[in-house]
S.K.: 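Please read through the structure below; I'll follow up with questions.
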Amino acid sequence: PLRELFNGKVLWTIPLKTGVFTMIENYMVCNCKQVSYNEIADAMDNLTNFDDVLNTFKKVQDVTNCSTGCGGCHQKVLDIISEIMSGATA
């Protein structure tokens, strides 16, 4: 994913399998630890290997501390990781 600034907002440009790009606005994913979509994407951007969604989740969690409070965002974080890994959007 590529980070861009558009109208003062940080957006992520996500390549789709069709060759088209889509832009996703940053939003808060984990309220307990104040982790945003961009922070999850940044953590993934620094990884060199994507084993699978669950292993990548653990690595992202180590970097961001997401889903270590109430755990309510667990599925959202997994969905975002899967979305970024597959190049699809929700």
Side-chain angles (χ1 to χ4, degrees):
L2 303 172
R3 190 174 13 187
E4 297 182 17
L5 191 62
F6 179 74
N7 286 339
K9 296 180 180 177
V10 176
L11 303 175
W12 280 93
T13 304
I14 307 291
L16 303 177
K17 291 180 181 178
T18 59
V20 177
F21 290 83
T22 189
M23 298 193 70
I24 298 175
E25 184 175 341
N26 191 29
Y27 60 93
M28 195 59 58
V29 176
C30 177
N31 290 317
C32 295
K33 301 298 180 176
Q34 295 295 293
V35 179
S36 69
Y37 182 98
N38 283 359
E39 291 169 311
I40 293 169
D42 279 342
M44 290 180 68
D45 213 28
N46 293 327
L47 298 176
T48 56
N49 184 11
F50 294 117
D51 308 81
D52 59 44
V53 173
L54 292 177
N55 284 336
T56 302
F57 171 84
K58 180 62 180 145
K59 292 173 186 174
V60 167
Q61 191 177 47
D62 289 344
V63 172
T64 65
N65 292 312
C66 63
S67 196
T68 59
C70 75
C73 65
H74 182 84
Q75 188 59 51
K76 277 196 279 186
V77 175
L78 287 173
D79 290 345
I80 290 168
I81 290 169
S82 179
E83 173 183 296
I84 292 172
M85 287 173 74
S86 71
T89 60

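Values in this document were obtained by computation on a predicted structure and should not be read as measured data. This chain uses plain numbering: 1 for the first residue, then up along the sequence.
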S.K.: Could you list the residues that satisfy salt bridge (Lys or Arg N to Asp or Glu O under 4.0 Å) with D79, not counting sequence neighbours?
M.R.: none

S.K.: Could you tell me the separation between the CG atom of N38 and the OG1 atom of T64, rounded to the nearest 0.5 Å?
M.R.: 12.5 Å

S.K.: Which atom names give the shortest non-hydrogen contact between I80 and Y27, and what distance separates them?
M.R.: CD1-OH, 3.6 Å

S.K.: Work out which heavy atom in M44 is nearest to a heavy atom in V60; give both atom names and the distance.
M.R.: CG-CG2, 3.6 Å

S.K.: Any side-chain heavy atom of V63 within less than 4.5 Å of one from I40?
M.R.: no

S.K.: Any chance you could measure N31, atom CG, to C66, atom SG, to the nearest 0.5 Å?
M.R.: 12.5 Å

S.K.: Sort out for me which residue in Q34, K33, M28 forms a side-chain contact (heavy atoms from CB on, under 4.5 Å) with C30.
M.R.: K33

S.K.: Locate the shortest heavy-atom distance separating T68 from Q61; write the atom from each residue and the value.
M.R.: CG2-NE2, 3.5 Å

S.K.: Which heavy-atom pair separates Y37 from V29 by the least distance, and what is that distance?
M.R.: N-CG2, 3.6 Å

